[in-house]
Amino acid sequence: MARKNRKQVFTNLEVIDAGAKGKTVAKAPDGKVVFLSNAVPGDVVDVQTFKKRKAYYEGKAIAFHKLSDKRTEPKCEHFGTCGGCKWQHMSYDSQLFYKQKEVTNNLTRIGHIELPEVTPILGSAEQYFYRNKMEFSFSDSRWLTLEEIQSDKDLGDRNALGFHIPGMWDKILDIKKCWLQADPSNAIRNSVKQFAINNNLEFFNTRNQTGLLRTMMIRTTSIGEIMVLIQFFKEDSEKRKLLLDHLKNTFPEITSLQYVINGKANDTIYDQEVVCYHGRDHIFEEMEGLKFKINAKSFYQTNSEQAYELYKITRDFAGLTGSELVYDLYTGTGTIAQFVAKNAKHVVGVESVPDAITAAKENAQLNNIDNVEFYVGDMKNVFNQEFINTHGQPDIIITDPPRDGMHKDVVKQILNISPEKIVYVSCNSATQARDLALMDSVYKVTKTQAVDMFPQTHHVENVVLLERR
């Protein structure tokens, strides 16, 4: 029996809100929510659905009867195909409004938290060219647009150096100009692509696992240092040197030129040997007089300028006087720990990634900070009563967990310790709200501040101060 076609067309729907994951929201005639990926609140559209669930539809606007006053013209020629900047067609003021609304809704509806007066979201001074790290993939069979497929023109070269099409692991969109990372990022990427084509360096084929050139990472810092890392699928010393020498000679401003030979099925480099070809094996970032050493595998907030604002808010919320013992949970490379150290008596950082803790210790030594200690371990295991007995009862806990939030055992241990204050930094206000609900009987939210780290996207950070009731 033929499967029933679940696709429907709804006409003249008003887009009324922005929802999770960058989707916008309309209401279908039957009262169900419709999630859209290509509309702005205030648009009036016809919608073609492509997925139906019990409580909602997913669809795409196929005709626009009225355009919202919240719209703006996207700057990037790749907008709509590349999934990186989903909100580039929405004015920045409107982006901030919906980010603030999402945070507030999550804290009140998921966490059932009684909020103080909400401090307005802190927008980013730079709305483009703000990222300090970009990763591009090579492909010998670039993604073709519908217009290209339907045209009778010779499509010519099929090589690409760009981004994965959303949801398609083997499809790469060739990028001419990306608005996320400042120059010379675009110049480096375009030069590498053209040089590789001119010199017959094979671009990778993900399905067949063939070719030479696999990925390229570019990292930059606010003090002008640049790292470029090329990932090769196999060793071909002649071709490898040819490309790396081209980069070295064409872009003498590159501080760190490195490469990886990775023949495994996936392109993650964390289990691979990184080889320094020219310059240093690291670059430096600076923040308020502190220097941070960043290597190819380091985690560092990808918006340097806005990270500084986030850390200042975190330190301000902590209200340190110089006499406090501070625990910094999920410390990463110890950036926050070192940033608050001058205002605290002592700081203890805990993190599960050994390489991150090694970097944290190196950076503390580099900055001559002697009142910080760093320990490696899975938070739910290492952060126990024995740890507290050894390192002391903290006056303040700062926690900056991954998107999944804190493990319930970590929350339980925080409640057992019961410090005077907790500063909770989160990149996912939904899981933050869940954790706050678990602590609500003991702690009251006294401050909350959203920070926009990623303009043109729906992502937002949030900082909350909890004080013991």
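Positions are given from 1, in the same order as the sequence printed here. Reckoned from all heavy atoms, side chains included, excluding hydrogens, waters and symmetry mates. Predicted model only: the values in this text are computed from it and were never measured.
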If we count only N and O atoms by modelled type, under 3.5 Å, do the side chains of N462 and Q432 hold a donor and an acceptor together?
yes
Check against side chain to side chain contact (heavy atoms under 4.5 Å, CB included), K444 and E114:
CA-CA 8 Å; K444 181 179 178 63; E114 182 184 337; 3.8 Å; yes
Does T221 use its side chain to pair, donor to acceptor, with the backbone of F284 at less than 3.5 Å?
yes
Could you go through E58 and R53, starting from their C-alpha distance and side-chain angles, then the distance that decides it, and tell me whether this counts as salt bridge (Lys or Arg N to Asp or Glu O under 4.0 Å)?
CA-CA 8 Å; E58 288 187 35; R53 292 291 183 262; over 6 Å; no
One thing to verify: whether D271 and K264 come together as a salt bridge, which I'm taking to mean a side-chain N less than 4.0 angstrom from a carboxylate O.
yes
Take T210 and E202 through the side chain to side chain contact (heavy atoms under 4.5 Å, CB included) test and state the conclusion after the steps.
CA-CA 8 Å; T210 56; E202 307 91 356; over 6 Å; no
Reference residue D43; test side-chain contact (heavy atoms from CB on, under 4.5 Å); the match among H65, K70, R71:
R71
Check this for me: K60, atom NZ, are more than 12 non-hydrogen atoms of other residues, nucleotides or ligands nearer than 6.0 Å?
no
Do the side chain of D174 and the main chain of L161 share a donor and acceptor less than 3.5 angstrom apart?
yes
May I ask you to test the Y424-D435 pair for a side-chain heavy-atom distance under 4.5 Å?
yes
Passes side chain to side chain contact (heavy atoms under 4.5 Å, CB included), Y330 versus S352? Steps please.
CA-CA 7 Å; Y330 310 91; S352 64; over 6 Å; no
Answer whether the closest heavy-atom distance between the side chains of F195 and N198 falls below 4.5 Å.
no
Do Q258 and S256 have a side chain donor and acceptor closer than 3.5 Å?
yes
When you compare the side chains of Q306 and Y130, does any donor N or O come within less than 3.5 Å of an acceptor on the partner?
no
Can you check whether C178 reaches M134 side chain to side chain, under 4.5 Å on heavy atoms?
yes
Residues T220 and E225: side-chain donor-acceptor under 3.5 angstrom
no
Would you please indicate yes or no on a ring centroid separation below 6.0 angstrom for F204 and F138?
no
Parallel, tilted or perpendicular, judged at 30° and 60°: which one describes the rings of Y311 and F339?
tilted
The reported gap from CD in Q181 to CD in E135 (rounded to nearest 0.5 angstrom) is 10.5 Å
Test your reading of the model: is there a side-chain donor-acceptor pair from K21 to the backbone of K23, 3.5 Å cut-off?
no
Does some side-chain heavy atom of T119 sit less than 4.5 Å from a side-chain heavy atom of K447?
no
Pair T206-D170, side-chain donor/acceptor within less than 3.5 Å:
no
Heavy-atom neighbours of K312 NZ exceed 12 at 6.0 Å:
yes
For C85, does its backbone N or O pair with a side-chain atom of Q456 as donor and acceptor, under 3.5 Å?
no
Interatomic distance, CH2@W143 vs OG1@T81, rounded to 0.5 Å, equals 8.5 Å
Using modelled atom types only, decide if a donor and an acceptor are shared between the side chain of S94 and the backbone of M90 within a distance under 3.5 Å.
no
Does the cation-pi check pass for R240 over Y259, that is, NZ or CZ under 6.0 Å from the six-membered ring centre and within 45° of its axis?
yes
How close do P455 and Q127 get, counting heavy atoms only, and between which atoms?
CB-O, 3.6 Å
With a 3.5 Å distance limit and no angle check, can you tell me whether T49 reaches the backbone of K51 through a side-chain donor-acceptor pair?
no
Within the 4.5 Å heavy-atom criterion, are L247 and I188 side-chain neighbours or not?
yes
Looking only at heavy atoms, the pair that brings S68 and P41 closest together is OG-O, 2.5 Å
Electrostatic pair R315:E288 at N-O distance under 4.0 angstrom
yes
Is the shortest heavy-atom distance from the side chain of K248 to the side chain of I254 under 4.5 Å?
no
Between K297 and D355, does any side-chain N to carboxylate O distance fall below 4.0 Å?
no
Would you say K293 and N295 are linked by a side-chain donor-acceptor pair, where the criterion is simply a distance under 3.5 Å?
no
Report the C-alpha distance between V423 and I397 in whole Å, list the side-chain angles of each, state the deciding distance to 0.1 Å, and finish with yes or no for side chain to side chain contact (heavy atoms under 4.5 Å, CB included).
CA-CA 6 Å; V423 182; I397 287 178; over 6 Å; no
Distance-only polar pair, side chains of Y300 and N132, donor-acceptor under 3.5 Å
no
Nearest 0.5 angstrom please: K193 NZ to L201 CG, how far?
13.5 Å
Roughly how far, to the nearest 0.5 Å, is OG of S304 from CZ of R219?
9.5 Å
Is the backbone of L212 close enough, under 3.5 Å, to the side chain of D236 for a donor and an acceptor to pair up by distance?
no
Are D140 and N205 close enough that a side-chain donor and a side-chain acceptor fall under 3.5 Å?
yes
Do V47 and L36 have side-chain heavy atoms sitting under 4.5 Å apart?
yes
So, F163 versus F136, ring centres under 6.0 angstrom or not?
yes
Parallel under 30°, tilted from 30 to 60°, perpendicular over 60°: which one fits the rings of H89 and F79?
tilted
Ignoring hydrogens and angles, tell me if any N or O in the side chain of Q231 forms a donor-acceptor pair with the backbone of I261 under 3.5 Å.
no
Between T431 (side chain only) and R403 (backbone N and O only), is there a donor and an acceptor less than 3.5 Å apart?
yes
Rounded distance (nearest 0.5 Å) linking atom CD of E117 with atom CG of L115
11.5 Å
Qualifying salt bridge (Lys or Arg N to Asp or Glu O under 4.0 Å) pairs with a residue from residues 84-101, counting only residues at least two apart or across chains
D17-K101, K99-D452
Locate the shortest heavy-atom distance separating I313 from Q449; write the atom from each residue and the value.
CD1-CG, 3.6 Å
Give a yes or no answer on whether the side chain of H407 reaches the backbone of D409 with a donor-acceptor pair at less than 3.5 Å.
yes
Within a reach of under 6.0 Å around CD of E273, are more than 12 heavy atoms found that belong to other residues, nucleotides or ligands?
no
Who passes side chain to side chain donor-acceptor pair (under 3.5 Å) against K75, sequence neighbours left out?
none
Taking L466 as the fixed residue, which of T399, I414, I422, V442 is the one that meets the side-chain contact (heavy atoms from CB on, under 4.5 Å) rule?
I422
State, with a plain yes or no, whether a side-chain heavy atom of T335 is found less than 4.5 Å away from one of Q301.
no
Strictly by modelled atom types, are T446 and E467 linked by a side-chain donor-acceptor pair under 3.5 Å?
yes
Does NZ or CZ of K32 lie under 6.0 Å from the centre of the six-membered ring of Y57, at an angle within 45° of the ring axis?
yes
Assess the side chains of S222 and E285: does a donor N or O sit below 3.5 Å from an acceptor N or O?
yes
First locate atom CG of N106, then atom OG of S426, and finally report the distance between them rounded to the nearest 0.5 Å.
9.5 Å
